[in-house]
Amino acid sequence: MPAFKSGTAADQRFNVNLSILFTELPLLERPAAAAAAGFTAVELWWPWVDSPTPEQSELDALKQAIEDAGVQLTGLNFYAGQLPGPDRGALSIPGEESVKFHANIDVAADFAQSLGCKALNALYGNRVEGVDPAEQDELALENLVLAARAADRIGAILLIETLNKPESPLYPLVTAPAGIEIVDKVNEATGLGNAKFLMDLYHLSMNGEDLPSVIEQYAAKTGHVQIADNPGRGAPGTGSLPLEDLLDQLKKAGYEGWVGLEYKPGDRPSAESFEWLPAAARAAR
């Protein structure tokens, strides 16, 4: 039985994160699998974890797979290191990692533009032992300004994401206010106004935040929403988060953007993890 009522679900625009769902398939087969499950929109973490600047042939192959599947790419991460894995971004890490992020900015923006993708997510990066946090924050702002300008060049927004402290203990942005503070700093530095908050309800709930209050305060600054249930980071209905009510509240607060499905399918094929969502509500309108 669907966990979401058809009426509620029909009010949302869902996309599937192909970096956490359908990972039992090769990357190039995932867009078609999402389409076969009834979805018309997808998002991705940076797929080439070892390379911020992959060969053009690799970029072209993924673009072709997305186009052939008939799905829209609605979100893309900039290079973020080994994700999933030990890394949580590269842009605040002095040395090789921030150099890689810098090299990736235009590659990611150009790829997004080639597919009409209008949202680019920049993960902040972990704190590094022995490095002054203020130095990391200064580097981060420099790189985020460059990323915001690249996003603006293609008519996109730049997303700043809050993670959770239990799973990302070295990541400094583990409250909604911390994420919003960076959003405001980037917008102040660029004057572009295209930096937005990525409100991940799973991460915020893992931090013990008051989700209705976060939505009330920050919906207007939110550019993207991601969901998974808690505990377990599984599909809606596998945990105890009132995700349907929270998405209703977001809608009433004026949020009209995408809701990214960024959950783990569990010990079953990803295609079987969508029974919570009525089939008629999967295609974005």
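Owing to the predicted nature of the structure, the values given are computational and were not obtained by experimental measurement. No hydrogens, no waters, no symmetry mates; every other heavy atom, side chains included, goes into these values.
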Peer 1: How about L141 and V186: do any of their side-chain heavy atoms sit closer than 4.5 Å?
Peer 2: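 Sidechains of V186 and L141: in contact.
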Peer 1: Less than 4.5 Å apart, any side-chain heavy atom of L115 and any of L76?
Peer 2: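 Not in contact.
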Peer 1: Check each of I215, I227, V225 against L246 using the side chain to side chain contact (heavy atoms under 4.5 Å, CB included) test, and report the only one that passes.
Peer 2: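 So the option named by the test is I215.
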Peer 1: Any donor and acceptor pair, going by atom type alone, linking the side chain of R282 with main-chain N or O of F274 inside 3.5 Å?
Peer 2: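 Yes, R282 side chain to F274 backbone: donor-acceptor pair under 3.5 Å.
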Peer 1: What's the verdict on side-chain contact (heavy atoms from CB on, under 4.5 Å) for N104 and W48, showing C-alpha distance, side-chain angles and the deciding distance?
Peer 2: CA-CA 11 Å; N104 173 250; W48 300 278; over 6 Å; no
Peer 1: Roughly how far, to the nearest 0.5 Å, is CD of E24 from CZ of R30?
Peer 2: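 Reported value, rounded in 0.5 Å steps: 8.5 Å.
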Peer 1: Do H224 and Y255 have side chains that get closer than 4.5 Å, going by heavy atoms?
Peer 2: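 In short, these two side chains touch, coming nearer than 4.5 Å.
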Peer 1: Should we count CD of E67 as having more than 12 external heavy atoms under 6.0 Å?
Peer 2: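 Yes - once you tally the heavy atoms of other residues, nucleotides and ligands closer than 6.0 Å, there are more than 12.
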Peer 1: Determine whether V183 and Y218 make a side-chain contact, defined as any pair of heavy atoms from C-beta on separated by less than 4.5 Å.
Peer 2: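 They are not in side-chain contact.
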Peer 1: Less than 4.0 angstrom from a charged side-chain N to a carboxylate O is my criterion; do D110 and R153 meet it?
Peer 2: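 Salt bridge between D110 and R153, a charged N being under 4.0 Å from a carboxylate O: yes.
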Peer 1: Could you tell me whether a side-chain N or O of E209 sits under 3.5 Å from a main-chain N or O of A176, the two making a donor and an acceptor?
Peer 2: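 Yes, because the side chain of E209 sits within donor-acceptor range (under 3.5 Å) of the backbone of A176.
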Peer 1: Check the pair K118, I157 against side-chain contact (heavy atoms from CB on, under 4.5 Å), reporting the backbone distance first and the verdict last.
Peer 2: CA-CA 6 Å; K118 298 296 187 185; I157 58 173; 6.0 Å; no
Peer 1: Check whether any side-chain N or O of S270 sits under 3.5 Å from a backbone N or O of P265 as a donor-acceptor pair, and report yes or no.
Peer 2: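 Checked: no pair found.
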Peer 1: With a 4.5 Å heavy-atom cut-off, do Q136 and I93 have their side chains touching?
Peer 2: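 Counting from C-beta outward, Q136 and I93 do come under 4.5 Å.
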Peer 1: Treating Y202 as the side-chain partner and E262 as the backbone partner, does any N or O pair qualify as donor plus acceptor under 3.5 Å?
Peer 2: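 No, Y202 side chain to E262 backbone: no donor-acceptor pair under 3.5 Å.
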Peer 1: Any side-chain to backbone donor/acceptor pair from R149 onto T190? Under 3.5 Å, distance only.
Peer 2: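 Such a contact is absent between R149 side chain and T190 backbone.
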Peer 1: Below 4.0 angstrom, N of the basic side chain to O of the carboxylate: do K185 and E188 qualify?
Peer 2: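 Here K185 does not pair with E188 in a salt bridge, since their nearest N and O are not under 4.0 Å apart.
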Peer 1: Shared ILVMFWY cluster between L44 and L59, side chains joined below 4.5 angstrom?
Peer 2: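 Yes, L44 and L59 fall within the same hydrophobic cluster.
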Peer 1: Closer than 3.5 angstrom, by distance alone: can the side chain of Q226 be matched with the main-chain N or O of L198 as a donor-acceptor pair?
Peer 2: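 Flag not set: sc Q226 to bb L198 has no pair under 3.5 Å.
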Peer 1: Do you reckon Y124 sits in the same ILVMFWY cluster as L146, going by side-chain contacts under 4.5 Å, direct or chained?
Peer 2: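 Same cluster.
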Peer 1: Looking at every non-hydrogen atom in both residues, tell me the closest pair between P231 and S240 and how far apart they are.
Peer 2: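 Heavy-atom minimum between the residues: CD-OG, 4.0 Å.
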Peer 1: Between R127 and D137, does at least one N-O distance fall below 4.0 Å, as a salt bridge requires?
Peer 2: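 Yes.
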Peer 1: Can you confirm whether the side chains of N77 and N121 place a donor and an acceptor under 3.5 Å from each other?
Peer 2: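 Short answer, yes.
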Peer 1: Test your reading of the model: is there a side-chain donor-acceptor pair from N15 to the backbone of E43, 3.5 Å cut-off?
Peer 2: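 Answer holds: no.
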Peer 1: Apply side-chain contact (heavy atoms from CB on, under 4.5 Å) to the pair R88 and L170, showing each step before the final yes or no.
Peer 2: CA-CA 9 Å; R88 297 290 186 273; L170 301 177; over 6 Å; no
Peer 1: For the NZ atom on K251, are there more than 12 heavy atoms of other groups (residues, nucleotides or ligands in this structure) within a distance under 6.0 Å?
Peer 2: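 Atom NZ in K251 is crowded, with more than 12 foreign heavy atoms closer than 6.0 Å.
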Peer 1: Heavy-atom distance under 4.5 Å between the side chains of F4 and L243, does that happen here?
Peer 2: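 Yes - at least one pair of side-chain heavy atoms lies under 4.5 Å apart.
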Peer 1: Counting distance only, does the side-chain N/O of T74 pair as donor-acceptor with the main-chain N or O of V42 below 3.5 Å?
Peer 2: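 Side chain of T74 to backbone of V42, a donor-acceptor pair under 3.5 Å: yes, one is there.
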Peer 1: Go through the steps for Y263 and L21 under the test side-chain contact (heavy atoms from CB on, under 4.5 Å), then give the verdict.
Peer 2: CA-CA 7 Å; Y263 61 77; L21 284 156; 3.7 Å; yes
Peer 1: Could you state whether Y171 and V128 fall into the same hydrophobic cluster, counting links through intermediate Ile, Leu, Val, Met, Phe, Trp or Tyr residues with side-chain heavy atoms under 4.5 angstrom apart?
Peer 2: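 No, because Y171 and V128 fall into different hydrophobic clusters, even though each may have its own neighbours under 4.5 Å.
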Peer 1: Are L163 and W45 connected in a single hydrophobic cluster, I mean Ile/Leu/Val/Met/Phe/Trp/Tyr linked by side-chain heavy atoms less than 4.5 Å apart?
Peer 2: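 Yes, it is one cluster - the side chains of W45 and L163 are joined through contacts under 4.5 Å.
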Peer 1: So, for G239 and D229, which heavy atoms are closest and what is the spacing to 0.1 Å?
Peer 2: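 Scanning both residues, the minimum pair turns out to be N-OD2, 2.9 Å.
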Peer 1: Just one of L123, L91, L158 clears the side chain to side chain contact (heavy atoms under 4.5 Å, CB included) bar with F78, so which one?
Peer 2: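 With F78 as partner, L123, L91, L158 yield a single side chain to side chain contact (heavy atoms under 4.5 Å, CB included), made by L158.
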Peer 1: Decide yes or no for P31 and D68: does some side-chain heavy atom of the first lie under 4.5 Å from some side-chain heavy atom of the second?
Peer 2: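 Side chain of P31 against side chain of D68, heavy atoms only: no contact under 4.5 Å found.
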Peer 1: Looking at side-chain heavy atoms only, is the closest gap between M199 and L204 below 4.5 Å?
Peer 2: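 Answer yes - side chains close enough.
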Peer 1: Linking I/L/V/M/F/W/Y whenever their side-chain heavy atoms sit closer than 4.5 Å, directly or via other members, would I160 and F101 fall into one cluster?
Peer 2: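 In one cluster: yes.
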Peer 1: Say whether, by atom type as modelled, one donor and one acceptor occur between the side chain of D132 and the main chain of A134 under 3.5 angstrom.
Peer 2: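 Yes, D132 side chain to A134 backbone: donor-acceptor pair under 3.5 Å.
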Peer 1: Does E161 use its side chain to pair, donor to acceptor, with the backbone of D200 at less than 3.5 Å?
Peer 2: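 Between the backbone of D200 and the side chain of E161 there is no qualifying donor-acceptor contact (under 3.5 Å).
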